[in-house]
Amino acid sequence: QVQPVESGGGLVQAGGSLRLSCAASGRPFSYYSIGWFRQAPGKEREFVAALSASGGSTYYADGVKGRFTISRDNAKNTVRLQMNSLKPEDTAVYYCAARLNSWYSRTSDQYDSWGQGTQVTVSS
C-alpha cells in the first residue's frame, strides 16, 4: 500500500498560485488513482480533483475547474495540484489520497490511504 505525503502548502494572497505535491512510497504508484480533497475549519471534507492511474483522465469539482490542474509523474511517484487564481474560500487543509483502482472516485471513503494534509491559506 502506498503512503502519500503532501507538501507545498503555504500562505498566498488572493489571485496568487501554489503548487501542491503528493509523493508516495510503497507499492507501484502507477496502480493507484489519486484524489485531492480539502477541509476548511468547521466544514466537511470535500472533493477537489482526481485523476486516473494512467493520468489520462481527470475530474474537477465545479468550484476549482479552470483554476486547478492535477497531473502525475508515475516515474517519480508524484502527483501535483497546480492552483491558480486562488480565492480566500480555497483556504483549507488539502489532503492527497490514493485508491488501488485504475479509476478515481469523488467519494472520500473509496480511497485506501491518506496523507497528513498540508495547509493552504489565501488572504484577501
Side-chain angles (χ1 to χ4, degrees):
Q1 185 163 326
V2 298
Q3 178 57 56
V5 177
E6 304 93 339
S7 61
L11 173 65
V12 65
Q13 289 188 334
S17 298
L18 281 175
R19 187 175 71 175
L20 305 184
S21 292
C22 175
S25 60
R27 297 183 65 176
F29 191 57
S30 60
Y31 292 177
Y32 289 79
S33 59
I34 300 293
W36 282 96
F37 293 78
R38 66 187 181 188
Q39 188 167 20
K43 295 187 177 181
E44 294 187 353
R45 189 171 297 186
E46 65 174 1
F47 170 79
V48 175
L51 81 170
S52 59
S54 68
S57 181
T58 58
Y59 191 85
Y60 298 91
D62 287 343
V64 307
K65 202 173 297 183
R67 299 189 298 122
F68 291 11
T69 302
I70 189 171
S71 62
R72 70 189 298 159
D73 184 341
N74 283 340
K76 296 182 178 179
N77 280 13
T78 300
V79 170
R80 293 187 175 89
L81 184 68
Q82 178 68 41
M83 305 186 297
N84 299 327
S85 302
L86 283 162
K87 305 175 181 179
E89 51 263 44
D90 294 318
T91 295
V93 177
Y94 283 70
Y95 298 90
C96 174
R99 180 175 191 239
L100 186 56
N101 192 293
S102 296
W103 289 102
Y104 52 75
S105 172
R106 292 172 285 171
T107 307
S108 60
D109 62 5
Q110 295 295 308
Y111 286 82
D112 303 299
S113 54
W114 291 77
Q116 80 289 349
T118 186
Q119 177 69 48
V120 171
T121 303
V122 184
S123 63
S124 57

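Computation of the quantities below employed the complete heavy-atom set of this structure, encompassing side-chain atoms and omitting hydrogens, waters and symmetry-equivalent molecules. The residues of the chain are indexed from 1 along the displayed sequence.
A continuous path of Ile, Leu, Val, Met, Phe, Trp and Tyr side chains, each step under 4.5 Å between heavy atoms, connects Tyr59 with Tyr95, placing both in one hydrophobic cluster. Cluster annotation: Ile34 and Leu20 are assigned to the same hydrophobic cluster (Ile/Leu/Val/Met/Phe/Trp/Tyr, side-chain heavy-atom contacts under 4.5 Å, transitive). Both Tyr104 and Trp114 are members of a single hydrophobic cluster when ILVMFWY side chains are connected at heavy-atom separations under 4.5 Å.
If you take SG on Cys96 and CD on Gln3, they are separated by 9.5 Å, rounding to the nearest 0.5 Å. With rounding to the nearest 0.5 Å, the separation of CG in Asn77 from OG in Ser30 is 8.0 Å. With values rounded to the nearest 0.5 angstrom, Arg45 atom CZ is found 6.5 Å from Ser108 atom OG. The SG atom of Cys22 sits 9.0 Å away from the CZ atom of Arg72 when rounded to the nearest 0.5 Å.
In this structure, Arg106 places its CZ atom where only 12 or fewer heavy-atom neighbours from other residues, nucleotides or ligands lie under 6.0 Å away. Remark: Lys65 NZ is packed, more than 12 non-hydrogen atoms of other residues, nucleotides or ligands lying under 6.0 Å away.
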Next on the checklist: Go through it in stages, so that I can follow the logic: the residues are Ile70 and Tyr60, the test is side chain to side chain contact (heavy atoms under 4.5 Å, CB included), and I'd like the CA-CA distance, side-chain angles, deciding distance and then a yes or no.
Outcome noted: CA-CA 9 Å; Ile70 189 171; Tyr60 298 91; 3.4 Å; yes

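Looking only at side-chain heavy atoms (C-beta outward), Val12 and Met83 stay at 4.5 Å or farther from each other. Side chains of Ser54 and Ser102 form no contact here, defined as non-hydrogen atoms less than 4.5 Å apart. You'll find the side chain of Leu11 stays beyond 4.5 Å of the side chain of Gln119, heavy atoms only.
Side chain of Asn74 to backbone of Ala53: a donor-acceptor contact under 3.5 angstrom is found. Formation of a donor-acceptor pair under 3.5 Å by the Gln116 side chain with backbone atoms of Val5 is not found in this model. Judged by distance alone, with hydrogens and angles left aside, the side-chain atoms of Gln82 form no donor-acceptor pair with the main-chain N or O of Thr69 at under 3.5 Å. Of the possible donor and acceptor atoms, none in the side chain of Asp73 sits under 3.5 Å from a partner among the backbone N and O of Thr78. The backbone N or O of Thr91 sits nowhere less than 3.5 Å from a side-chain atom of Thr121 that would complete a donor-acceptor pair. Here the side chain of Glu46 pairs no donor or acceptor atom with the backbone of Arg38 at under 3.5 angstrom.
Closest approach of Ser85 and Asp90 over heavy atoms only: O-OD2, 4.5 Å. Residues Leu86 and Leu18 approach most closely at CD1-N, 3.8 Å, considering heavy atoms. When every heavy atom of Ala14 is checked against every heavy atom of Ser124, the shortest pair comes out as CB-CA, 4.4 Å. A pairwise comparison of heavy atoms in Gly56 and Ser52 identifies N-OG, 3.3 Å as the closest pair. Pairing each heavy atom of Asn101 with each of Trp103, the nearest pair is OD1-N, 2.8 Å. For the pair Gly9 and Thr118, the tightest heavy-atom approach, listed with the atom from each and the gap, is N-OG1, 3.2 Å.
For Trp36 and Phe68, the gap between ring centers reaches or exceeds 6.0 Å.
Ring pair Phe37/Phe47 is perpendicular by interplanar angle, where above 60° counts as perpendicular and below 30° as parallel.
Residues Tyr111 and Arg99 have side chains that never bring a donor and an acceptor to within less than 3.5 angstrom of each other.
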